[in-house]
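Scroll down for the structure; my scribbles are underneath it.
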Amino acid sequence: MKMVKNKNLSICIPTFNRPDLLKKNLLLMLPEINKFYVSIYISDDSSNNETSEMINYIQKKYKYLFYIRNKPSLGHDKNFLHSLTLPETEYVWLLGDSIFLKKDAIRSILKVINQYKPDIIGVNALHRDLDINSAYYNNCHSVLNDFGWHLTLTGASIYSKMVISNIKEIELHNCKNFPQISLIFNSLSKRCSFYWLNNKLIFTGRTNKDYSYWLNNVFQVFIDDFSKSVCNLPRCYRDIDKEKVIVNHSLKTKLFALKNLLQFRILDIYNYKSYRKYSRKLVIYSRLSNLSLIFIAFMPKFIIGFLLKIYTSLNILLLNYFRRNSKNFCK
């Protein structure tokens, strides 16, 4: 039987120097993709040939896998937007190379496309502090309030051809590291046609060794750049709602929670210099006191490492204890 390429949905993945992670991702999604003949476009910014060689291997398993090598490299934001323009389908699902699909994800999206034909589809993700019933939205302010913080996640949005046509209006200097936020909410401000699918269809396949591109600049990216991106959304969005989105991202992702700040301290990403620059906002975004923040900034890294090991060991012991005694608790 001849394979007919799906005309409704494609997947595009911008990538940079992570061939092993991308390979794992592609192999995991192939059984699902094969059912619906969905095309995959890889937009590669890598500095070597490892990703290209890996793609050659995967292409032998799936004919609708297309590879584009960017020379010179486009950089994160331009590659993000460029990859959206590669397919010619009605909808494009843009995934990060570390964002994996759960079983039946493609089927669920195609069902929404056929039933509602929204301009943008938002999907939930595993381990995300978000539970709002699936629904169609025609009010852009409600979308911003409910999902603005969540849609920072690459892979949480599926874009229609009409939305992608608005890329030329995006001013990258106003949305550094978050071009999707500008694209989504600029488009919705003109015509709000958004469907929220509460199914947790995506998850992060990244391991501890697969650092995010923003890790070493986490404070600049998620305090300076994210704030600027949200604040530069169209004036129709209220300032109070924009501020809520900025704060909610930190609180709901727990990005600057105590455990993460301790990890950042071990890596010397958080130190007295970053404390001095960001302490005022970190008090809000972390819900920690100023005294706690300065204490962490000065704490020796080897002590933090020791404390985290104890914390992890205690959690494992408690978890095993409750598992062994769960039947007794239920009596």
Side-chain angles (χ1 to χ4, degrees), residues 2-16 18 22-23 25-46 51-52 54-56 58-59 61-71 73-101 105-114 116-123 151 153-170 172 179-184 186-188 193-195 197 201-202:
K2 186 178 179 180
M3 293 172 59
V4 180
K5 186 164 57 173
N6 197 303
K7 295 181 180 179
N8 284 325
L9 181 66
S10 293
I11 289 173
C12 60
I13 306 176
T15 190
F16 175 72
R18 295 208 284 195
L22 179 59
K23 179 181 179 181
N25 194 349
L26 292 172
L27 290 175
L28 185 67
M29 72 169 69
L30 277 184
E32 175 90 357
I33 296 298
N34 260 314
K35 292 179 184 178
F36 301 98
Y37 308 138
V38 171
S39 300
I40 307 171
Y41 292 80
I42 307 298
S43 184
D44 185 19
D45 251 11
S46 296
T51 299
S52 173
M54 180 274 293
I55 293 297
N56 286 336
I58 304 291
Q59 283 175 326
K61 298 176 176 291
Y62 189 62
K63 65 180 291 186
Y64 292 133
L65 173 59
F66 304 100
Y67 174 79
I68 296 88
R69 177 77 176 272
N70 301 318
K71 291 185 178 181
S73 296
L74 298 176
H76 174 268
D77 293 353
K78 288 184 179 180
N79 194 21
F80 183 106
L81 296 177
H82 172 68
S83 63
L84 279 172
T85 66
L86 297 174
E88 296 179 352
T89 46
E90 292 300 316
Y91 289 84
V92 178
W93 195 345
L94 190 146
L95 297 175
D97 52 16
S98 65
I99 300 298
F100 291 13
L101 298 182
I106 298 295
R107 186 189 303 276
S108 299
I109 295 303
L110 289 173
K111 184 177 180 181
V112 171
I113 290 172
N114 291 329
Y116 297 98
K117 294 180 172 57
D119 289 343
I120 299 173
I121 304 169
V123 301
L151 297 177
L153 180 63
T154 305
S157 306
I158 295 90
Y159 306 82
S160 69
K161 186 184 295 184
M162 193 204 75
V163 170
I164 294 170
S165 71
N166 292 325
I167 283 177
K168 58 184 179 294
E169 300 174 13
I170 301 301
L172 288 177
Q180 73 273 36
I181 293 298
S182 182
L183 179 61
I184 290 168
N186 274 278
S187 298
L188 294 180
S193 174
F194 178 89
Y195 190 86
L197 185 58
L201 300 184
I202 56 177

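Values in this document were obtained by computation on a predicted structure and should not be read as measured data.
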**Message:** So which atom in Val38 and which in Ile33 form the shortest heavy-atom distance, rounded to 0.1 Å?
**Reply:** O-CG2, 3.0 Å
**Summary of ring-ring contact (aromatic ring centres under 6.0 Å, His included) pairs that have at least one residue in residues 82-101, sequence neighbours excluded** = Phe100-Phe203
**Message:** List the residues meeting salt bridge (charged side-chain N to carboxylate O under 4.0 Å, His left out) with Lys35, not counting sequence neighbours, and say none if there are none.
**Reply:** none
**Prompt:** What is the minimum heavy-atom distance between Pro118 and Ile121, and which atoms define it?
**Reply:** CG-CG1, 3.5 Å
**Prompt:** Just how far is it from atom CG of Asn56 to atom OH of Tyr67, taken to the nearest 0.5 Å?
**Reply:** 8.5 Å
**Asked** Which atoms form the tightest heavy-atom contact between Ile184 and Ser157, and what is the distance?
**Response** CD1-OG, 3.4 Å
**Prompt:** Residues in side-chain contact (heavy atoms from CB on, under 4.5 Å) with Lys78, at least two apart?
**Reply:** Leu74, Leu172
**Message:** To the closest 0.5 Å, what do you measure between OG (Ser10) and OH (Tyr159)?
**Reply:** 15.0 Å
**Item:** Pair Leu95-Met29, side chain to side chain contact (heavy atoms under 4.5 Å, CB included): steps then yes or no
**Value:** CA-CA 12 Å; Leu95 297 175; Met29 72 169 69; 3.9 Å; yes
**Item:** Partner residues of Glu169 under the side chain to side chain donor-acceptor pair (under 3.5 Å) criterion, sequence neighbours left out
**Value:** Lys190
**Message:** Test of understanding: with side chain to side chain donor-acceptor pair (under 3.5 Å), list the residues that count as partners of Asp97, not counting sequence neighbours.
**Reply:** Thr15, Arg18
**N/O donor-acceptor pair under 3.5 Å between Gln180 side chain and Thr154 backbone** = no
**Request:** Start with the C-alpha gap between Ile13 and Leu26, add the side-chain angles, then the distance that decides, and say whether side chain to side chain contact (heavy atoms under 4.5 Å, CB included) holds.
**Result:** CA-CA 10 Å; Ile13 306 176; Leu26 292 172; 4.2 Å; yes
**Request:** Please list, chain by chain and in numerical order, all residues satisfying salt bridge (charged side-chain N to carboxylate O under 4.0 Å, His left out) with Asp119, sequence neighbours excluded.
**Result:** Arg191
**Phe66: ring pair (Phe, Tyr, Trp, His ring centres under 6.0 Å) partners, not counting sequence neighbours** = Tyr41
**Message:** Set out, in order, the CA-CA distance, both residues' side-chain angles and the distance that settles side chain to side chain contact (heavy atoms under 4.5 Å, CB included) for Leu27 and Lys61, then state yes or no.
**Reply:** CA-CA 9 Å; Leu27 290 175; Lys61 298 176 176 291; 4.1 Å; yes
**Asked** Of all heavy-atom pairs between Ile99 and Gly155, which one has the smallest distance, and what is that distance?
**Response** CG2-CA, 4.3 Å
**Request:** Could I get the full list of ring pair (Phe, Tyr, Trp, His ring centres under 6.0 Å) partners for Tyr116, not counting sequence neighbours?
**Result:** Tyr195
**Spatial distance of atom NZ (Lys168) from atom OG1 (Thr85) [nearest 0.5 Å]** = 12.0 Å
**Message:** Taking the side chain as everything from C-beta on, heavy atoms only, tell me whether Ile40 gets closer than 4.5 Å to Ile58.
**Reply:** no
**Distance, nearest 0.5 Å, that separates CD of Glu32 from CD1 of Ile106** = 5.5 Å
**Message:** Which heavy atom of Pro179 sits nearest to which heavy atom of Asp77, and what is that distance?
**Reply:** CD-OD1, 3.6 Å
**Prompt:** Any idea how His76 and Phe80 line up, ring-wise: parallel (<30°), tilted (30 to 60°), or perpendicular (>60°)?
**Reply:** tilted
**Point-to-point distance, once rounded to the nearest 0.5 Å, from CG of Leu9 to CZ of Phe36** = 10.0 Å
**Fill in**
Those residues at least two apart in sequence (or on a different chain) that pass side chain to side chain donor-acceptor pair (under 3.5 Å) with Asn70 are Ser43, Asp45, Asn79
**Asked** Is Arg107 atom CZ crowded by more than 12 heavy atoms from other residues, nucleotides or ligands, each under 6.0 Å away?
**Response** no
**Prompt:** Can you list the residues that meet the side chain to side chain donor-acceptor pair (under 3.5 Å) rule with Ser39, with sequence neighbours excluded?
**Reply:** none
**Message:** Are the side chains of Ile158 and Val112 in contact, using a 4.5 Å heavy-atom criterion?
**Reply:** no
**Asked** Near Lys117 NZ, under 6.0 Å, is it more than 12 heavy atoms from other residues, nucleotides or ligands?
**Response** yes
**Request:** Pick out which of Leu94, Ile167, Ile164 makes a side-chain contact (heavy atoms from CB on, under 4.5 Å) with Leu81.
**Result:** Ile167
**Request:** Would you check if Leu197 and Ile109 make a side-chain contact, meaning some heavy-atom pair closer than 4.5 Å?
**Result:** yes
**Message:** Taking salt bridge (charged side-chain N to carboxylate O under 4.0 Å, His left out) as the definition, give me every residue that meets it alongside Glu90, ordered by chain and number, with sequence neighbours left out.
**Reply:** Lys161
**Over all atoms of both residues, closest heavy-atom pair of Gly96 and Asn25** = O-ND2, 3.7 Å
**Prompt:** Do the non-hydrogen side-chain atoms of Asp44 and Ile55 ever get within less than 4.5 Å of each other?
**Reply:** no
**Request:** Working to the nearest 0.5 Å, report the span between CG of Leu86 and CD1 of Ile11.
**Result:** 14.0 Å
